[in-house]
A.B. asks: 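Pasting a structure below so you can have a look.
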Amino acid sequence: MLKNKEEKFPSELRFALISGDWVVIATGRARKPDSFKQEQRIIETIPKKDCFFCNIETQLPPILISRKGKMEEYPYDYEKKIKIPKDWTIIVVPNKYPAFSRYSEGLDIRKRGLHSYMNAYGVAEVVITRHHTKQISQFKLEEIKELLDVYQDRYVELMKEPHINYISVFHNHGKEAGASISHPHSQIIAAPVIDPKVKRSLSGAKDYFDHNKKCGHCEMNESDRKSKERLVFENEEFLVVCPFASKTAFEMSITPKQHLPYFERITDDQKRHLAEAFFVAMRKLDKGLADPPYNFYLQTAPCDGRNHDYYHWHWIISPKTGTWAGFEMSTGIEISTIEPEKAAEYIKKQTI
Ligand SMILES: [Zn+2]
Ligand SMILES: [Zn+2]
């Protein structure tokens, strides 16, 4: 029993409106925001001469070369020699060690005893930015815009590949967040199957839409704009918010204000605004938590040819501040040790 009403309960179970997930937010014994700051993280950077991405010739032939936004595309051909210009700023190459392979023909499901399996057909690409150590939080606005141009361009191209139903775009920063090579890079994976997490978020969004005749994300946008307590940044087109049911401490979402289901249809003007939202979010996060490891990823409607007009695309930035142990692994519920409202207040006040 609580002694008085003012005393906060040790934690809250919060319900995520769209995915239907529950998260645990420690409220009573929550940590102070600046206690999440990284303590002199040891960043292992190998010298440039040994870096796979600085020595871009060691990679498979590029699919796309960007020189400050001037893009050139090349068809998949592993034998072809492509002369790489010295002034490249972003290069996309096929992943040398792909989990999904473009050359595993056929999608026929086979049986092995009780179990079913098929070849992991798909396309896996790596988006490499030029500078060996320059992280997204150090990018200029136009460099982020260029990266978004490349994401969109590859997305549109990969949609044309056969059997592709879902395209995942993500970026890992720091060893703790799964970046095995420290040179900044993002990944794009195009797959024939839609993973259960996306499926849940899709069916949650559809159920909400069918039931309320409104989009849940549009409704959350509205409420976050009004209350302002979880709002980190806003421009004409986008909101940066620490979601009510954040899965991790300091999680942020970047959501278009307009109801937009398909990321690949983003206009140039919207991309400029999205670049600004990323710019502010990444810089403030970097400053507030002193270069934390993180993942960011896109959540958008599948490209399976069906109608997903009920969906509302967005990006999630998820800093890695805790380690998943038994409880998290067995339930999928992470115990977040800061209230999203406090996280938003702290991130917002960082000067950049
Ligand atoms: Zn490098
Ligand atoms: Zn919407």
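First listed ligand is number 1; within each ligand, the first listed atom is number 1.
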A.B. asks: Has Gln350 got a side-chain atom pairing as donor or acceptor with Tyr346's backbone, closer than 3.5 angstrom?
C.D. replies: yes

A.B. asks: Can any side-chain N or O of Lys257 pair as donor or acceptor with the backbone N or O of Asn235 at less than 3.5 Å?
C.D. replies: yes

A.B. asks: Are the side chain of His171 and the backbone of His185 linked by a donor-acceptor contact shorter than 3.5 Å?
C.D. replies: yes

A.B. asks: Decide whether a cation-pi geometry holds between Arg102 and Tyr121; the criteria are a distance under 6.0 Å from NZ or CZ to the six-membered ring centre and an angle within 45° of the ring axis.
C.D. replies: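 Not satisfied by the 6.0 Å and 45° rule.
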
A.B. asks: Quick check for you: with the Zn ion (ligand 1) as the vertex, what angle do ND1 of His132 and ND1 of His183 span, to 10°?
C.D. replies: 110°

A.B. asks: Taking Asn55 for the side chain and Glu57 for the main chain, is one N or O donor matched with an acceptor at less than 3.5 Å?
C.D. replies: no

A.B. asks: Near the Zn ion (ligand 2), which protein N/O/S atoms are found at less than 2.8 Å?
C.D. replies: Cys215 SG, Cys218 SG, His259 ND1, His312 ND1

A.B. asks: Please assess Ile266 against Gln152 for the test side-chain contact (heavy atoms from CB on, under 4.5 Å), listing each intermediate value before the final yes or no.
C.D. replies: CA-CA 8 Å; Ile266 190 170; Gln152 182 189 22; 3.5 Å; yes

A.B. asks: Taking Asn295 for the side chain and Ala177 for the main chain, is one N or O donor matched with an acceptor at less than 3.5 Å?
C.D. replies: yes

A.B. asks: Under 2.8 Å from the Zn ion (ligand 1), is there an N/O/S atom belonging to His131?
C.D. replies: no

